[in-house]
Amino acid sequence: MTVRLYDTATRSVVDLPPAPAQVGMYVCGPTVYQRAHIGNAVPFVIFAWLRNWLRERGYDVTYVHNITDINDKIYEVAPGASAERARAATGWYLEDTASFRLEMPDEQPLATETIPEIVALIEELVASCHAYASGGDVYFRVSSFETYGALSGQRPDQVEEQEPSALKEDPRDFALWKATKEGEDTFWESPWGLGRPGWHIECSAMAEKTLGPEFLIHGGGLDLVFPHHENERAQSLAVGRPFAKIWMHNGLLRFVGEKMSKSVGNVATIQEVIAEWGREAALLFLMTGHWHKPLEFSHEAMTAASVQVESLRNALRGETRSKGDWNAFATVLDDDFNTPAALAILHRWAREGALVELQRGLAIFGLGELGDIVEAPAEVAALAQARVEARAARDFAEADRLRDEITRTGWEVRDVPDGFELVPGS
RNA sequence: GGCGACGUGGCCGAGUGGUUAGGCAGAGGCCUGCAAAGCCUCGUACACCAGUUCGAAUCUGGUCGUCGCCUCCA
């Protein structure tokens, strides 16, 4: 079965080349200036899963997830200390994403470590007349690139007018390099003077540095289609790079009907979500929606996800009673990575006791540890044994007292046909 | 104004031109000393209006609504 994925550029589901094949996957990470919210985790998680799945299907995948550590936002939030803030926030992001305990991306380039490549790419754009220097800035000449707008469907003539800039030939032109301004405390040398790169060129350069001029998948949030990805595409194609074959954009997480956004202030950070619900519930929650569609984040949805996690965990404590149809699972994931349909199959396997396949399927999503057995301490086991004896003697008052005592130790006792089972309390 | 996504049962959320999504919540039952865990049963939904069709929630057109983007928000 061919793996198929939805491509924003052609607005259709496209076939991947048959495995085995090289798959380069470049996924835009956040601009780091404060703790990342749970919405920021969506692309990280979705594409980490996709990497796992493509490897399972025999592809040789390289997952690159960049970190934007040069941006206006950082100057705004930490005036005079932008470098320190960027470094700290990069650390937070790495820590937060690591807390999902998914295998980390193969490479996580930083804009600040890609300056020579960025400058070289801008020079190439200038030399080929696709860009021009103006007052210490360098701008991309949108009119020089014929298929501008092909990715997003935006018509350049309809793009909302921004503040006019005397430095630009055309209001649609965008900055590749910006001369350093008063109050900006990080800047680099360049042929155009001291300054810093624009956002879009950072990604063009980081993608090429890590994956080469041509790669299969470029991913990111749906809000990046325009202008960010449109501009990346323009910059790289203008100088002859084939660039990405497939553009994947994940749907945005919504919070009571609204996009989760720092400016609206309706955010829950990755840290907070994991602290409150646990990584398993957070991951399972993200499985409940199709990657391409918006997903509603709510207390209720997280509760439902936690309950599901517990029931899968309980199923894995049982015994293997049947064999699951792995092919059915593969079919739904191959078909545009349909995680909600895959989750439905995992639930069926849990109910039917197809534990081998259940475990294998959960592992793709970083949930393999649900099957880990945790042994209760000997003193708790002794209480449970005492309770078995009390029950045998029909001393139910004592049995119930022992059960309460076990509960107080943080364990839960369950009666099973041949005795008892102790599981960590929830 | 332009571009795009989406509207499914109490809630979340797949899918599909005619055949069970799944989960959560709820009701009843089984199991249990009582619970917990587990199991069984119960819901016939697809914004609205036209059209195409033997048949549409699924295709076409329109309407309404929600949301995203429009130069630096994943």
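Chain naming here is simple, since letters A, B, ... match the order of the sequence lines and numbering starts at 1 in each.
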Quiz prompt | Rounded P spacing from B:A35 to B:C30 in Å | solution = 11 Å

Exercise. Tell me what A:R321 touches on the nucleic acid: a base, only sugar-phosphate, or nothing, going by heavy atoms under 4.0 Å.
Key: nothing

Quiz item: Out of B:A5, B:A35, B:U71, which has the shortest distance to the side chain of A:P227?
Solution: B:U71

Quiz item: Taking the same atom, P, in B:C3 and in B:G62, what whole-Å distance lies between them?
Solution: 13 Å

Quiz prompt | Rounded interatomic separation in angstrom, taking CG from A:L176 and P from B:U71 | solution = 16 Å

Quiz item: How far does the C1' atom of B:G17 sit from the matching atom of B:G23, given to the nearest Å?
Solution: 27 Å

Exercise. Give the rounded distance in Å between these two atoms: NE2 of A:H229 and P of B:C73.
Key: 12 Å

Quiz prompt | Ring centers of A:F145, A:H130 separated by less than 6.0 Å | solution = no

Quiz item: With a 6.0 Å cut-off on ring centres, are A:H200 and A:F174 close enough?
Solution: yes

Quiz item: Are any side-chain N or O atoms of A:E230 and backbone N or O atoms of A:G149, one a donor and one an acceptor, separated by less than 3.5 Å?
Solution: yes

Quiz item: Across the strands shown, which category fits A:N338 at heavy-atom distances under 4.0 angstrom: base, sugar-phosphate, nothing?
Solution: sugar-phosphate

Quiz item: Taking atom P of B:A74 as reference, at what distance in whole Å does atom CD of A:E232 sit?
Solution: 13 Å

Quiz item: In whole angstrom, what separates A:R313's CZ from B:G38's C1'?
Solution: 17 Å

Practice problem: Could you tell me whether A:E56 and A:R360 make a salt bridge, using a distance below 4.0 angstrom between a side-chain N and a carboxylate O? | Solution: yes

Quiz item: Among B:A5, B:A37, B:A74, which is the nearest nucleotide to the side chain of A:N314?
Solution: B:A37

Self-check item: Along RNA chain B (nearest heavy atom to each residue), the more 5'-positioned of A:D415 and A:V142
Solution: A:D415

Quiz item: Which value, in whole Å, describes the distance between the P atoms of nucleotides B:U32 and B:U44?
Solution: 33 Å

Quiz item: Taking atom types as modelled and ignoring hydrogens, do the side chains of A:Y75 and A:T186 form a donor-acceptor contact shorter than 3.5 angstrom?
Solution: yes

Practice problem: Measure centre to centre between the rings of A:F243 and A:F215, then say whether the value is under 6.0 Å. | Solution: yes

Quiz item: A:R391 has an atom CZ; how far is it from atom C1' of B:U32, in whole Å?
Solution: 8 Å

Exercise. Among B:C69, B:C73, B:A36, find the nucleotide with the atom closest to the side chain of A:N71.
Key: B:C73

Quiz item: Are A:F329 and A:W349 close enough that their ring centers fall under 6.0 Å?
Solution: yes

Quiz item: Tell me: CG of A:N250 to P of B:C6, nearest whole Å?
Solution: 14 Å

Self-check item: Pair partner, B:G61 [Watson-Crick or wobble, under 3.5 Å]
Solution: B:C49

Quiz item: Side chain of A:R172, base of B:C70: donor and acceptor closer than 3.5 Å?
Solution: no

Quiz item: When you check every protein heavy atom under 4.0 Å of nucleotides 20-25 of chain B, what one-letter string (B, S, -) results, 5' to 3'?
Solution: -BSSS-

Self-check item: Rounded distance in Å between the P positions of B:G15 and B:A47
Solution: 15 Å

Self-check item: Ion pair A:R387/A:D415, N-O distance below 4.0 Å
Solution: yes

Practice problem: Could you tell me which nucleotide pairs with B:A5 by Watson-Crick or G-U wobble geometry, both distances under 3.5 Å, or answer none if nothing does? | Solution: B:U66

Quiz item: In whole angstrom, what separates A:F100's CZ from B:A74's P?
Solution: 15 Å

Exercise. Look at all strands and tell whether A:G219 reaches a base, only sugar-phosphate, or nothing, counting heavy atoms closer than 4.0 Å.
Key: nothing

Quiz item: Is A:R4 salt-bridged to A:D336, going by a charged N under 4.0 Å from an acidic O?
Solution: no

Self-check item: Selection from B:A5, B:A74, B:G2 that lies nearest to any side-chain heavy atom of A:Q154
Solution: B:G2

Quiz prompt | Complement of B:G28, any strand, by Watson-Crick or G-U distances under 3.5 angstrom | solution = B:C40

Quiz prompt | Integer angstrom distance from the P of B:C12 to that of B:A25 | solution = 15 Å

Exercise. For B:C46 versus B:U58, give the span between their C1' atoms, rounded off to a whole number of Å.
Key: 9 Å

Quiz item: Any idea which of B:G13, B:A74, B:A35 is nearest the A:R387 side chain?
Solution: B:A35

Self-check item: N/O (side chain, A:K293) to phosphate O (OP1/OP2, B:G7) under 4.0 Å
Solution: yes

Quiz item: Should B:C54 form a Watson-Crick or G-U wobble pair with both distances under 3.5 Å, which nucleotide is its partner?
Solution: B:G18

Quiz prompt | Any donor-acceptor N/O pair under 3.5 Å between B:A37 base and A:R317 side chain | solution = no

Exercise. Salt-bridge test for A:E202 and A:R196: reply yes if a basic N is under 4.0 Å from a carboxylate O, no otherwise.
Key: no

Self-check item: Identity of whatever pairs with B:C34 - Watson-Crick or G-U, under 3.5 angstrom
Solution: none

Practice problem: Considering just the side-chain nitrogens and oxygens of A:S152, establish if one lies under 4.0 Å of OP1 or OP2 belonging to B:G4. | Solution: no

Self-check item: Options B:U71, B:A5, B:C73, nucleotide nearest the side-chain atoms of A:N231
Solution: B:U71

Quiz item: Where each residue is assigned the nucleotide of RNA chain B containing its nearest heavy atom, which of A:A399 and A:V225 is assigned the position nearer the 5′ end?
Solution: A:A399

Quiz item: A:F297 has an atom CZ; how far is it from atom P of B:G13, in whole Å?
Solution: 13 Å

Quiz item: Quantified in whole Å, what is the C1' atom distance between nucleotide B:G65 and nucleotide B:U8?
Solution: 15 Å

